[in-house]
Amino acid sequence: MKKELAWPQFIRNHLIMVVGSRNRSKLRRPTWIIVLLFIVCIFLIAAYMYPPESISTCSRFSPHGCGTSTSTKYDIPTPEFSRALNEDEIQSRIVINEILKFHPVQTKIPKIAFLFLTPGSLPFEKLWHMFFQGHDGKFSVYVHASKEKPVHVSHYFAGRDIHSEPVEWGRISMVEAERRLLASALLDPDNEHFVLLSESCIPVRRFDFVYNYLLLTNVSFIDSYVDPGPHGNGRYIEHMLPEVEKKDFRKGSQWFTLKRQHAVIIMADSLYFRKFKYYCRPNMEGNRNCYADEHYLPTIFTMLDPRGIANWSVTYVDWSERKWHPKSFRARDITYQLMKNIAYIDESPHFISDAKRSVVITPCVLNGFKRSCYLFARKFYPDTQNKLMKLFSNSTIF
């Protein structure tokens, strides 16, 4: 404390000495310049040695500068774990953290990759053609046909088939097909966002709205929530330990959109993928059925980058009937009011498989504002296409 007071006292004494002597002797101008420079130097040294203590104040005199802390949110979060990470986990975390820190090179015109997972031909190609028309250069299309070679009616889809393998519902082959689509789309450096769609999916917004919605946010739209019931956490099996703990196990819709960093992480991951490949499948121990496409992505991104996902899917599905499969829409169901209702929903329901059959509502909030949740919808029968095209061309709801 004495040292801190010494500098101001020395300066005050010096000023009294200089000013008091003005009446006795008239100093020459160069002497005054030397005195002023001396005082300024004293203040600079004092400020450097005793910078402001508040962390909210950034001082240009501080020896640490105005930079951010040396630790970042991407550091391996070992202290947050109740156990030590094993060697495989540490190696995996290092790779994933490096991917998360890497920001893709910004292209002049970033593109959205539309990934269609289908058994064969796409019944809504004409509708998607209307959706894409006039936006060349802002999107790319990839088709994984798991059963038969598709016949295309739109030039946007012609020649866009990728190498495909058979896919069985509820099995890891579904996730493998998703990875195959992502791998093909990642070869194009202009693809910055990736949308997974099925053959029964339709757009419920126009292309410009979808483009801005996805590219003006820095999150992936991965549905992820806790279901403590038998068809949620009840599917977890202890063989996933130690890498996947029950407290981290999540459920969600498989219909995702991903930013490029997250798509690369899926390609890089083998550790967690193996766990779900072998221990999240139908007919497990205790007659439990686990479906990897509902749990793999929600779980790993809750563990690895929880702030980077929105916790809802932008693809609308009607589970209100609480059956094994969602409600399907026929031509007689398609009305202006139905499509308007879907387009302007701003809360995402999560149906819990507990005894109370609870429903957890998640508000759709982007950049601090509540927004409409859905850009796409499923499941629609092929006979709805003509009505949908008429609405799409004439209505402003899209």
Side-chain angles (χ1 to χ4, degrees), residues 111-133 135 138-147 150 152-154 156-158 160-162 164 167 169 173-186 188 191-211 213-215 220-223 252-260 262-263 266 293-294 296-297 310 312-319 325-329 339 342-343 348 373-382 384-385 388-389 392 398:
K111 294 194 295 188
I112 297 175
F114 291 84
L115 318 177
F116 289 88
L117 186 58
T118 176
S121 296
L122 292 161
F124 293 103
E125 263 195 35
K126 291 181 180 178
L127 177 62
W128 284 105
H129 182 95
M130 291 180 65
F131 174 80
F132 291 134
Q133 202 162 22
H135 302 285
K138 290 185 176 181
F139 68 92
S140 51
V141 172
Y142 303 86
V143 180
H144 184 291
S146 60
K147 291 185 178 180
H152 299 297
V153 296
S154 165
Y156 294 126
F157 290 83
R160 304 307 299 170
D161 302 320
I162 70 164
S164 305
V167 172
W169 178 81
S173 58
M174 187 77 76
V175 178
E176 289 171 336
E178 295 170 5
R179 287 160 63 102
R180 221 171 277 124
L181 281 162
L182 287 171
S184 297
L186 281 166
D188 185 343
N191 286 332
E192 291 191 9
H193 213 96
F194 305 79
V195 180
L196 181 68
L197 300 160
S198 76
E199 78 284 356
S200 69
C201 283
I202 64 164
V204 296
R205 292 286 191 173
R206 296 196 186 276
F207 184 89
D208 285 333
F209 187 96
V210 172
Y211 188 84
Y213 192 105
L214 296 179
L215 291 182
S220 292
F221 291 91
I222 297 174
D223 194 26
S253 167
Q254 80 173 105
W255 308 107
F256 59 71
T257 81
L258 297 173
K259 60 183 182 178
R260 190 173 181 93
H262 287 166
I266 294 171
D293 56 282
E294 294 183 1
Y296 171 57
L297 294 187
W312 82 84
S313 168
V314 290
T315 299
Y316 171 80
V317 185
D318 186 349
W319 287 101
H325 296 285
K327 180 179 178 179
S328 297
F329 297 94
M339 303 313 298
I342 294 174
S348 176
C373 300
Y374 302 115
L375 307 177
F376 315 102
R378 63 185 303 268
K379 300 174 67 169
F380 288 76
Y381 278 100
T384 61
Q385 180 166 235
L388 288 167
M389 289 177 67
F392 194 84
F398 289 91

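The side-chain tip of Lys138 does not point at the ring of Phe207 from less than 6.0 angstrom away and within 45° of straight on. Because its NZ or CZ atom is both nearer than 6.0 Å to the ring centre of Phe392 and within 45° of the ring axis, Arg206 counts as a cation-pi partner of that residue.
Judged by distance alone, with hydrogens and angles left aside, the side-chain atoms of Arg260 form a donor-acceptor pair with the main-chain N or O of Leu186 at under 3.5 Å. Between the Ser313 side chain and the Trp255 main chain, a donor and an acceptor come within less than 3.5 Å of each other. Judged by distance alone, with hydrogens and angles left aside, the side-chain atoms of Gln385 form a donor-acceptor pair with the main-chain N or O of Pro123 at under 3.5 Å. A donor-acceptor contact shorter than 3.5 Å links the side chain of Ser164 to the backbone of Ile162. Proximity of a side-chain donor or acceptor of Ser198 to a complementary backbone N or O of Leu117 within less than 3.5 Å is not detected. Looking at Asn191, its side chain does come within 3.5 Å of a backbone N or O of Ala185 through a donor-acceptor pair.
With contacts defined as side-chain heavy-atom distances shorter than 4.5 Å, the pair Arg179/Val175 qualifies. Residues Thr384 and Ile202 have side chains not in contact (no heavy-atom distance under 4.5 Å, counting atoms from C-beta outward). The shortest side-chain heavy-atom distance between Ser328 and Tyr381 falls under the 4.5 Å cut-off. Residues Tyr374 and Arg205 are not in side-chain contact: their nearest non-hydrogen atoms beyond the backbone lie 4.5 Å or more apart. Side-chain contact between Phe194 and Leu181 is absent, with no heavy atoms from C-beta onward closer than 4.5 Å. You'll find the side chain of Val167 reaches within 4.5 Å of the side chain of His144, heavy atoms only. Residues Asp161 and His152 are in side-chain contact: their nearest non-hydrogen atoms beyond the backbone lie under 4.5 Å apart.
Here the closest non-hydrogen pair linking Glu178 and Asp293 is OE2-CB, 4.2 Å. The minimum heavy-atom distance between Ser154 and Glu125, with the atom names listed, is N-OE1, 3.0 Å. Nearest heavy atoms, Pro203 versus Leu127: CD-CD2, 3.9 Å. Across Tyr156 and Arg160, no two heavy atoms sit closer than the pair O-CG, 3.3 Å. Across Ser184 and Tyr142, no two heavy atoms sit closer than the pair O-CE2, 3.8 Å. Nearest heavy atoms, Glu199 versus Phe124: O-CD1, 3.4 Å.
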- Which is it for Leu375 and Leu214 under the side chain to side chain contact (heavy atoms under 4.5 Å, CB included) test, yes or no, and what are the steps along the way? CA-CA 10 Å; Leu375 307 177; Leu214 296 179; 3.8 Å; yes

- Show the numbers, then the answer: is there a side chain to side chain contact (heavy atoms under 4.5 Å, CB included) between Tyr316 and Val204? CA-CA 9 Å; Tyr316 171 80; Val204 296; over 6 Å; no

- Task: Could you walk me through whether Thr315 and Leu196 pass the side chain to side chain contact (heavy atoms under 4.5 Å, CB included) test, one step at a time?
- Result: CA-CA 9 Å; Thr315 299; Leu196 181 68; over 6 Å; no

- Message: Pair Val314, Phe376 - check side chain to side chain contact (heavy atoms under 4.5 Å, CB included), show working.
- Response: CA-CA 6 Å; Val314 290; Phe376 315 102; 4.2 Å; yes

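Ring-centre distance between Trp128 and Phe116: below the 6.0 Å cut-off. A centroid separation of 6.0 Å or more is found between the aromatic rings of Phe139 and Phe131.
There is no side-chain donor-acceptor pair under 3.5 Å between Asp188 and Ser140.
Expressed to the nearest 0.5 Å, how far CE of Met174 lies from CD of Gln254 amounts to 5.0 Å. Here the straight-line distance linking atom OH of Tyr213 with atom CD1 of Ile112 works out to 12.0 Å at 0.5 Å rounding. For the atom pair Ile222 CD1 and Leu258 CG, the distance stands at 5.0 Å (nearest 0.5 Å). Atom OG of Ser146 sits about 12.5 Å away from atom CD of Glu176, to the nearest 0.5 Å.
Taking the six-membered ring for Trp and thresholds of 30 and 60 degrees, His193 and Phe221 have ring planes inclined between 30 and 60 degrees apart. Using cut-offs of 30° and 60° on the angle between ring planes, the pair Phe114 and Phe132 is perpendicular.
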